[in-house]
Trainee: 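Attaching a single structure in structure tokens format; questions to follow.
Below, read A as the first sequence line, B as the second, and so on, with proteins coming before strands; counting in each chain starts at 1.
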Amino acid sequence: MSLHDDLLDQAERLCSLDPKRPKQANLRRAISATYYALFHLLVGDAVALFLPARNKPLRHQLARKFTHKQMKAIAHAWSTSPGPRGLSLLADVFVELQEARHEADYDLSSRFTRRQAEDQVIRARAAVRAWSGVRTAPEAERFLIELLVGKL
Amino acid sequence: MARLPSPTKLDSTLAKKRPRSVSRVLTKIGTDSTGDPAVWIWIILKDASLPRAWSFESREKLRQWAKQTVRSAGIEDLTYVSFRTESEQQELERSPA
């Protein structure tokens, strides 16, 4: 299983951990895990475009160069552009999740409900499935490259 | 961050045109974590509308409805949509943060 699959599984478990009143700590971690599932999926796929698999140390270094802010800006642009539906869905979910993750991790005035967190996990899973069908499309490859270098 | 002054055109439109599965819609305006202007929308689903309204397709349609309503109100900001059930929302309102 990949890291992103494991993170989504973890998020699901956290959402259902408390049978009655879900703890904010668990819901917040669930949302954070869901965001990072997509983050690592996209970074991994993008890095694979730049470097062959044999060069793992350099891949890890390159992965650290991606910034959340730039990824959000690029994803926002692609979320409304014409192109494969799987790409626009993943881009849209990524943008929403980044903001949700920031609130979950840092904004103690925000409160989350189980349904709210579950919605994000389900949406992320749907986006991952849709992405798998379009990840080698020309538009998808352009999107991945832009996540690192900015708008081409 | 501040709530939209109520009633605003957006609040009124969301309230008047809300689908049957939606109990109410809460909104907030401000800047998001990367400094972009944004609108937050919480779609509160009627408990009785579940589980049908909880399907992925239903939620995506509601998401698009909310985002389209924001755009047609002349607001070009990023729009973040979340879902809660009415019972969840009432629980939050009963419990202090």
Trainee: For His68(A) together with Phe39(A), are the ring centres under 6.0 Å from each other?
Mentor: yes
Trainee: Measure up the Trp40(B) and Tyr80(B) rings against each other and bin them: parallel (under 30°), tilted (30 to 60°), perpendicular (over 60°).
Mentor: tilted
Trainee: In Å and rounded to the nearest 0.5 Å, what is the CZ to CG distance from Phe83(B) to Leu62(B)?
Mentor: 5.0 Å
Trainee: Main chain of Thr85(B), side chain of Glu88(B): is a donor-acceptor contact present, judged purely on distance under 3.5 Å?
Mentor: yes
Trainee: Which bit of Phe56(B) is near chain A, if near means a heavy-atom gap under 4.5 Å: side chain, backbone, both or neither?
Mentor: side chain
Trainee: Any side-chain heavy-atom pair from Ser49(B) and Asp47(B) closer than 4.5 angstrom?
Mentor: no
Trainee: Can you say whether Leu50(B) sits under 4.5 Å from chain A via the side chain, the backbone, both, or neither, judging by heavy atoms?
Mentor: side chain
Trainee: Under 4.5 Å heavy-atom distance to chain B, tell me which part of Arg21(A) shows up: side chain, backbone, both or neither.
Mentor: side chain
Trainee: What part of Gln89(B) lies closer than 4.5 angstrom to a heavy atom of chain A: side chain, backbone, both or neither?
Mentor: neither
Trainee: Given a strict heavy-atom distance threshold of 4.5 Å, which part of His76(A) is in contact with chain B: side chain, backbone, both, or neither?
Mentor: side chain
